[in-house]
Asks: 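My questions will all concern the structure given below.
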Amino acid sequence: MLRTERNFRTVKNRMLRLLPLLLLVLCITVSPFSAGRAGAASAAPSHIDAVLLIDVSNSMNKSDKNKIANEAMKMFIDMLSTQGDKVGIVAYTDKVEREKALLGIQSAGDKQDLKDFIDGLSRGPYTDLAIGMKEAVKVLENGSDPSHEPMIVMLADGNNDLNEASGRKQSDSDQELKAAVEAAKQKGYPVYTIGLNADGKLNKNILAGLSSETGGKAFTTNSADDLPQILSEIFASHLKLKVVPVPSITASGDFQDVTVNIPNSSVLEANISIMSSKPVTAKLSDPSGKEVAIPSDKVLLSKSSTYTLIKLLSPEQGDWKLQVKGVPQDKIDINLVFNYDLELKLDALPAKSYGKGDKVEISSHLYSNGAEVTEASLYQEMKAVLLATDVDTGQVQEIPLDNSGAAFKGAFEIQDSHEYKLKVRAEESSFYRESDELTINAKTGTVATAPPSAGEEPAAEEKSSGTLYYIIGGAVLLLAAIAAFLLLRRKANRGFVGQMVVEVLDNNTGDKTYPQYKKLSGFRGKFTLHQLLQLAPELKESEKLVFTPGTNDRLLLRSGEGITVERSGRAADTSRGLEMKSGDRVTVSLQTVDKTVLLEYLI
């Protein structure tokens with residue numbers, strides 16, 4: 001007891017010495033000068049978290065006897081960004097035959113690991129669509145990054161062939177499939193389906209239903225030869241890009257010229273896919289006419305038996321010359337997909353009331369890496385419209401916007417005392433972008449809009465009242481900090497109740513440990529996830545996740561830098577303590593060992 005008192009006084013004296021610094025930090029935190037920087041974070045290019053879901057039943061021997069589906073999926077992987085995207089693979093029959101958890105792509109080696117995994121897939125009897133779909137959803141739940149664009153790409157014929165000896169009925173499969181589709185819909189996982197109909201037995205309705213219910217798209221083909229083209233369409237559609245077709249050529253045995261136009265300086269990557277049944281050779285020259293080596297620092301090359309993919313990194317704007325030589329009479333298809341780091345934002349409206357008859361001036365700008373694009377030529381190459389939806393009637397008005405300067409501008413007249421949702425869509429031949437929605441309620445006169453643009457000054461009365469709020473807020477924060485400090489002694493010895501159920505998932509193999517039930521009554525004050533994991537040295541990273549007691553027998557969870565905590569499939573903010581009550585579940589991603597820890601708190 002004496003030692004506890006002495007330790008408490010030591011901590012208190014240190015805190016008192018730090019009070020002047022605390023005051024300074026609080027003043028800076030709540031000052032009006034810091035508020036202007038709050039929205040200045042730069043935007044990152046969109047990244048994909050994709051699960052490739054593959055029917056590997058024996059029925060696919062007729063639909064895709066040459067395993068072109070494997071080649072198409074490898075091309076899809078090659079089209080992904082050189083760093084940042086994640087890919088998982090689920091191969092199923094009436095069970096999960098093989099599975100690869102989401103793998104973050106950081107190098108060409110990571111892509112090769114995924115392609116080698118695909119090459120190692122074998123086929124087996126029976127098919128159960130629900131088994132594959134359920135597992136694909138689970139892979140995204142366990143490893144998807146909330147800031148990425150999740151998706152499932154399914155290649156199948158849509159038909160089940162259940163093993164009668166297992167006792168499983170079609171009604172069981174239907175019910176499980178319905179639940180998996182509903183989970184994908186709720187979590188925002190669009191399903192893109194590719195129906196293979198080589199034998200004429202495609203169940204088109206099932207696959208189309210999966211896509212329409214989840215916000216994906218459905219494709220069908222009678223020939224597996226079409227798969228590379230379809231996978232290109234899916235990749236482009238998911239990132240709001242467009243496939244730019246290049247006229248097909250019939251090989252002559254000599255080099256034939258193809259022009260590849262890089263439309264602007266905002267292209268991050270240009271994917272040139274060359275599809276042919278026989279080998280091709282390619283040469284490349286930049287807009288100045290200088291030949292560029294394939295591969296080289298800024299030009300990546302991927303090849304297989306059916307495709308050649310050339311990826312240009314941050315290519316120079318202008319006309320590049322591609323020369324292709326193939327086997328005489330071989331048909332060669334070429335597609336272009338450009339990846340952009342561009343966002344479209346709708347400018348904030350003036351803070352005033354809006355009503356029937358008012359004319360609303362609209363302005364929208366493009367942003368690259370968080371900075372406004374001022375290159376007028378990029379705007380002028382695009383067509384932009386304002387989409388004004390009357391929420392009360394459901395009618396959508398499409399208003400063309402002016403693009404003559406470095407902005408998209410126009411006006412919208414409020415026709416009735418209704419609620420309206422406004423957004424801008426801009427597109428050109430290789431991509432499109434849509435802004436976030438802005439809401440105007442002409443019934444009440446209110447407008448829900450974004451914060452003022454950087455540099456925009458608030459009104460004088462707003463400044464005055466804002467300063468008062470900053471002062472009051474600073475005082476409240478300071479008092480709260482002091483009160484929290486005074487509670488340290490009492491909290492230091494608080495105990496815990498209940499138990500934690502712990503499972504560890506290996507993201508590389510998909511293997512998961514059996515649930516372990518850890519009683520919490522032996523801990524006082526706080527404990528770390530590392531302690532729950534029995535202080536395993538390879539899981540030392542889990543020391544950064546700390547649990548402290550909350551009110552009403554609840555837990556407060558805080559995590560350090562580099563630890564991602566998800567609840568209900570979305571990243572949770574643990575900076576102020578994430579509260580867990582009995583029955584709550586969270587997942588914790590450990591990046592250094594590529595494992596996911598699943599936790600459930602029970603009382």
Side-chain angles (χ1 to χ4, degrees), residues 47-57 60 64 67-124 127-145 148-156 180 183-184 187 189 191-194 227 231 234-235 238 302 304 503-513 564 566 569 587 589-598:
H47 284 300
I48 285 178
D49 283 353
V51 174
L52 301 176
L53 177 58
I54 314 152
D55 179 352
V56 291
S57 63
M60 296 291 283
D64 183 17
K67 294 189 176 182
I68 292 180
N70 290 12
E71 298 300 307
M73 287 183 292
K74 290 192 287 185
M75 192 183 81
F76 179 89
I77 290 167
D78 281 329
M79 291 179 69
L80 295 174
S81 176
T82 53
Q83 287 190 333
D85 293 326
K86 290 183 178 182
V87 178
I89 301 169
V90 174
Y92 72 96
T93 52
D94 63 336
K95 61 183 179 180
V96 177
E97 296 289 344
R98 291 194 67 190
E99 176 180 331
K100 192 170 187 65
L102 285 172
L103 173 66
I105 295 173
Q106 300 298 332
S107 66
D110 291 331
K111 289 189 176 185
Q112 191 59 51
D113 286 346
L114 290 162
K115 292 188 286 185
D116 290 344
F117 184 89
I118 290 172
D119 282 336
L121 297 178
S122 57
R123 291 176 175 166
T127 317
D128 192 336
L129 197 64
I131 296 296
M133 184 66 190
K134 180 180 177 181
E135 192 64 22
V137 171
K138 189 184 297 183
V139 169
L140 281 175
E141 286 177 334
N142 289 335
S144 182
D145 187 323
H148 289 193
E149 300 286 343
M151 66 187 303
I152 295 171
V153 182
M154 173 188 287
L155 292 96
K187 294 177 180 298
Y189 301 159
V191 181
Y192 294 83
T193 57
I194 306 174
L227 290 178
L231 266 296
I234 290 173
F235 174 85
H238 196 63
S302 306
S304 84
E503 299 173 88
V504 180
L505 173 70
D506 188 322
N507 294 329
N508 291 311
T509 65
D511 295 333
K512 187 164 61 174
T513 63
T564 301
E566 293 185 9
T587 60
S589 298
L590 303 180
Q591 301 297 327
T592 57
V593 291
D594 203 13
K595 295 182 186 296
T596 300
V597 183
L598 296 85

Asks: If we only count heavy atoms from C-beta on, is the L52 to L114 side-chain gap below 4.5 Å?
Replies: no
Asks: For Y189 and I152, which heavy atoms make the closest approach, and how far apart are they?
Replies: CB-CD1, 4.5 Å
Asks: Are M73 and I54 packed together at the side-chain level, in the sense that at least one heavy-atom pair is separated by less than 4.5 angstrom?
Replies: yes
Asks: Nearest 0.5 angstrom please: I234 CD1 to M154 CE, how far?
Replies: 11.5 Å
Asks: Quick one: does K115's side chain get under 4.5 Å of S302's, heavy atoms only?
Replies: yes
Asks: What distance separates D113 CG from S107 OG, expressed to the nearest 0.5 Å?
Replies: 7.5 Å
Asks: Looking only at non-hydrogen atoms, find the nearest pair between L53 and G132 and report the distance.
Replies: CD1-O, 3.3 Å
Asks: When rounded to the nearest 0.5 angstrom, what is the spacing between CD in Q112 and NZ in K74?
Replies: 8.0 Å
Asks: Roughly how far apart are I48 CD1 and F76 CZ, rounded to 0.5 Å?
Replies: 5.0 Å
Asks: With a 3.5 Å distance limit and no angle check, can you tell me whether K86 reaches the backbone of G143 through a side-chain donor-acceptor pair?
Replies: yes
Asks: Show me the donor-acceptor pairs within less than 3.5 Å that the side chains of residues 91-105 make with the rest of the protein, sequence neighbours left out.
Replies:
from: T93; atom 1: OG1; to: E97; atom 2: OE2; distance (Å): 2.6
from: R98; atom 1: NH1; to: G120; atom 2: O; distance (Å): 3.4

Asks: Aromatic rings H148 and H47: how do their planes relate, parallel, tilted or perpendicular, breaks at 30° and 60°?
Replies: tilted
Asks: How long is the span from the CG atom in D594 to the OG1 atom in T596, to the nearest 0.5 Å?
Replies: 7.5 Å
